[in-house]
Amino acid sequence: MGDRFIPNVMPDYIAETSTARVTTGEEDSLMNLLSMPYPSLSQLLKRTALDLKETIVMEIWGLTGQQVEDFTLYAGTLGISFLLFKAYRVTKNENDLSLCLEIVKACDSASLPSRDVTFLCGRAGVCALGAVVAKHAGDQQLLDYYLTQFKKIKLSRGLPDELLYGRAGFLWACLFLNKHIGEGTIPSTTTRQVVDDIISNGRALGKKGKCPLMFEWYGEKYLGAAHGLAGIMHVLMDMDLKPDEAQDVKGTLKYMIKNRFPGGNYPVSEEDRKRDALVHWCHGAPGIVLTLAKAAKVFGDKEFLEAVTESAEVVWNRGLLKRVGICHGISGNTYVFLTLYRLTDNTEYLYRAKAFACFLLDQAHKLISKGEMHGGDRPYSLFEGMGGLAYLFLDMIEPSEARFPAYEL
């Protein structure tokens, strides 16, 4: 288990000092970063993120001759558009917005044969992001085009319910459009049918066990954010649920809490309850914490907050993974503390987010170059590689506004 993460030896707290200096290559460089006043640190993170963004754009867009091999937001070219859109919202650099729109157009063409319908891995992500970026660019004709294309997307009867490739991932795209363009952009008549299908499927499988709602992905009953209960419940909590549906969502989350490991982590699936190994957004405590934090706000139930607090310790102690990414890396795990800071206003969580970000800033490139950390199978992508690191650093500038990309609205 220990080979998956780097032991966290960072202090539980370091006071900020106005005299802190960054010393490149020195043993105390991480400690100096941790003691740096937050306004100074955030500007350093911003500069690093914007420099990294330029490198990523060159590698993914420039060096490929502007060819799209993988159009998805998760690991492909659309993820770079999402990063550019984030950079635009931080700096208001119109060049980022223009390039973002250019790349979305290329992804639009590349995604036309795809049958995938989710925000992260399907055409819904291309059309939804395209519409929102077109709105920011003031291009009504292009906005109308992407919305029309989005509304042409059809969900097949055999579609799974999970976030990465299924109905929940399509619903998230609808929520993204309604948030950024306006309520009712995707009407409730569209989303209600999808919710009905998810609830019906969940109840049918839930009858065979003690959990109100249950789902399968390739025969496995996953619990995590990418393929399982946490991701589906996360999206459902943003929908207009009937009272009995809301109770089923709440009961499902409580079932998950009761079946966590004694230390606060969560099994990957119902079938794999003995292996306490993964501390990722996709599988394990981090993704589930984001969902339970949301449940604490939606339902006002102390049990959710208590479970979140316990699992946050798992992320602090075992969350310095030997990967940089959002899906299964330190960048994604940092959002646990940003989310809890937003939920509780407890500055301890802001410090922990700062600590993880400082570790990445100070150590990531060194460890990758030495082969002690994995840079990701697609090293510049949003969810597996440096794209997620750059996105996190931009989010650290205003931590109270930070949201896990393509998961938290």
Hey, can you pull the donor-acceptor pairs under 3.5 Å for the side chains in residues 111-120, sequence neighbours left out?
{"residue": "S111", "atom": "OG", "partner": "C107", "partner atom": "O", "Å": "3.1"}
{"residue": "S111", "atom": "OG", "partner": "D108", "partner atom": "O", "Å": "3.1"}
{"residue": "S111", "atom": "OG", "partner": "R123", "partner atom": "NH1", "Å": "2.7"}
{"residue": "S114", "atom": "OG", "partner": "D116", "partner atom": "N", "Å": "3.1"}
{"residue": "T118", "atom": "OG1", "partner": "C121", "partner atom": "N", "Å": "3.0"}
{"residue": "T118", "atom": "OG1", "partner": "L164", "partner atom": "O", "Å": "2.7"}

Considering all heavy atoms of both residues, which atom of [X] and which atom of [Y] are nearest to each other, and what is their separation?
| X | Y | value |
| --- | --- | --- |
| C211 | L229 | SG-CD1, 4.4 Å |
| V279 | G319 | CG1-CA, 4.4 Å |
| P405 | F82 | CB-CE2, 3.7 Å |
| F215 | N201 | CE2-C, 4.3 Å |
| A124 | A173 | CB-CB, 3.9 Å |
| V132 | L177 | CG2-CD2, 4.2 Å |

Under 3.5 Å, is there a donor-acceptor pair between the side chain of [X] and the main chain of [Y]?
| X | Y | answer |
| --- | --- | --- |
| S311 | V308 | no |
| N178 | I186 | yes |
| R260 | I257 | yes |
| N265 | L278 | yes |
| S98 | N95 | no |
| R318 | F5 | no |
| W172 | Y407 | yes |

side-chain contact (heavy atoms from CB on, under 4.5 Å) partner of [X], chosen from [options]:
| X | options | value |
| --- | --- | --- |
| V104 | L84, L142, L78 | L78 |
| L392 | V324, I330, L338, L45 | L338 |
| H374 | E384, H328, R323, K322 | R323 |

Starting at [atom1] of [X], measure out to [atom2] of [Y] and round the result to the nearest 0.5 Å.
| X | Y | atom1 | atom2 | value |
| --- | --- | --- | --- | --- |
| K242 | Q247 | NZ | CD | 15.0 Å |
| Y146 | I181 | OH | CD1 | 12.0 Å |
| L30 | M10 | CG | CE | 6.0 Å |
| E216 | E162 | CD | CD | 12.5 Å |

Donor-acceptor pairs under 3.5 Å, side chain of residues 296-305 to any protein atom, not counting sequence neighbours: which ones?
{"residue": "D301", "atom": "OD1", "partner": "E303", "partner atom": "N", "Å": "2.8"}
{"residue": "D301", "atom": "OD2", "partner": "K254", "partner atom": "NZ", "Å": "2.7"}
{"residue": "E303", "atom": "OE1", "partner": "K254", "partner atom": "NZ", "Å": "3.2"}

Using side chain to side chain contact (heavy atoms under 4.5 Å, CB included), reason through E401 and R89 one step at a time and then give a plain yes or no. CA-CA 12 Å; E401 300 299 320; R89 285 181 288 160; over 6 Å; no
Could you list the donor-acceptor pairs under 3.5 angstrom formed by side chains in residues 50-60, with sequence neighbours left out?
{"residue": "K53", "atom": "NZ", "partner": "D96", "partner atom": "OD1", "Å": "2.8"}
{"residue": "K53", "atom": "NZ", "partner": "D96", "partner atom": "OD2", "Å": "3.1"}
{"residue": "T55", "atom": "OG1", "partner": "D51", "partner atom": "O", "Å": "3.4"}

Contacts of type ring-ring contact (aromatic ring centres under 6.0 Å, His included), residue F356, not counting sequence neighbours: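 If we apply the ring-ring contact (aromatic ring centres under 6.0 Å, His included) test to F356, skipping adjacent residues, the hits are W316, F337.
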Would you please name every residue forming a ring-ring contact (aromatic ring centres under 6.0 Å, His included) with Y13, sequence neighbours left out?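 Partners of Y13 under the ring-ring contact (aromatic ring centres under 6.0 Å, His included) test: Y351.
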Please evaluate residues K179 and D238 with respect to the criterion side chain to side chain contact (heavy atoms under 4.5 Å, CB included), reporting the C-alpha separation (whole Å), side-chain torsions for both, the decisive distance (0.1 Å), and the verdict. CA-CA 11 Å; K179 176 183 178 179; D238 272 318; over 6 Å; no
One thing to verify: whether [Y] and [X] come together as a salt bridge, which I'm taking to mean a side-chain N less than 4.0 angstrom from a carboxylate O.
| X | Y | answer |
| --- | --- | --- |
| E398 | K46 | no |
| D244 | R203 | yes |
| K354 | E16 | yes |

Are Y266 and Y222, when compared by the centres of their aromatic rings, separated by less than 6.0 Å?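 No, too far apart.
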For the aromatic rings, using the six-membered ring if either is Trp, is the centroid distance between W281 and Y335 under 6.0 Å?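 Ring centres of Y335 and W281 not closer than 6.0 Å.
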Tell me whether the count of non-hydrogen atoms from other residues, nucleotides or ligands lying under 6.0 Å of CD in E271 goes above 12.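 Enclosed: over 12 neighbouring heavy atoms sit under 6.0 Å from CD of E271.
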Within a 6.0 Å radius of atom NZ on K92, are there more than 12 heavy atoms belonging to other residues, nucleotides or ligands?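 Check passes, neighbour count above 12.
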Given side chains that start at C-beta, do those of Y255 and L213 come closer than 4.5 Å, heavy atoms only?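 Of all side-chain heavy-atom pairs linking L213 with Y255, none is under 4.5 Å.
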Side-chain contact, heavy-atom cut-off 4.5 Å: F359 with L33?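 Contact flag for F359/L33 side chains = no.
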Residues Y349, L343; criterion side chain to side chain contact (heavy atoms under 4.5 Å, CB included); working and verdict: CA-CA 10 Å; Y349 291 123; L343 178 68; over 6 Å; no
Ring-plane angle category for Y88 and F85, please: parallel below 30°, perpendicular beyond 60°, tilted otherwise.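 Rings of Y88 and F85: parallel, under 30°.
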Walk me through it: do E69 and R378 pass the test salt bridge (charged side-chain N to carboxylate O under 4.0 Å, His left out)? CA-CA 12 Å; E69 295 182 1; R378 283 150 291 198; over 6 Å; no
Criterion side chain to side chain contact (heavy atoms under 4.5 Å, CB included) on V235 and I198, from CA distance to verdict: CA-CA 11 Å; V235 174; I198 293 175; over 6 Å; no
Output every pair passing salt bridge (charged side-chain N to carboxylate O under 4.0 Å, His left out) with a member in residues 180-200, not counting sequence neighbours, ordered by first then second residue.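 Only R192-D196, R192-E245 qualify under salt bridge (charged side-chain N to carboxylate O under 4.0 Å, His left out).
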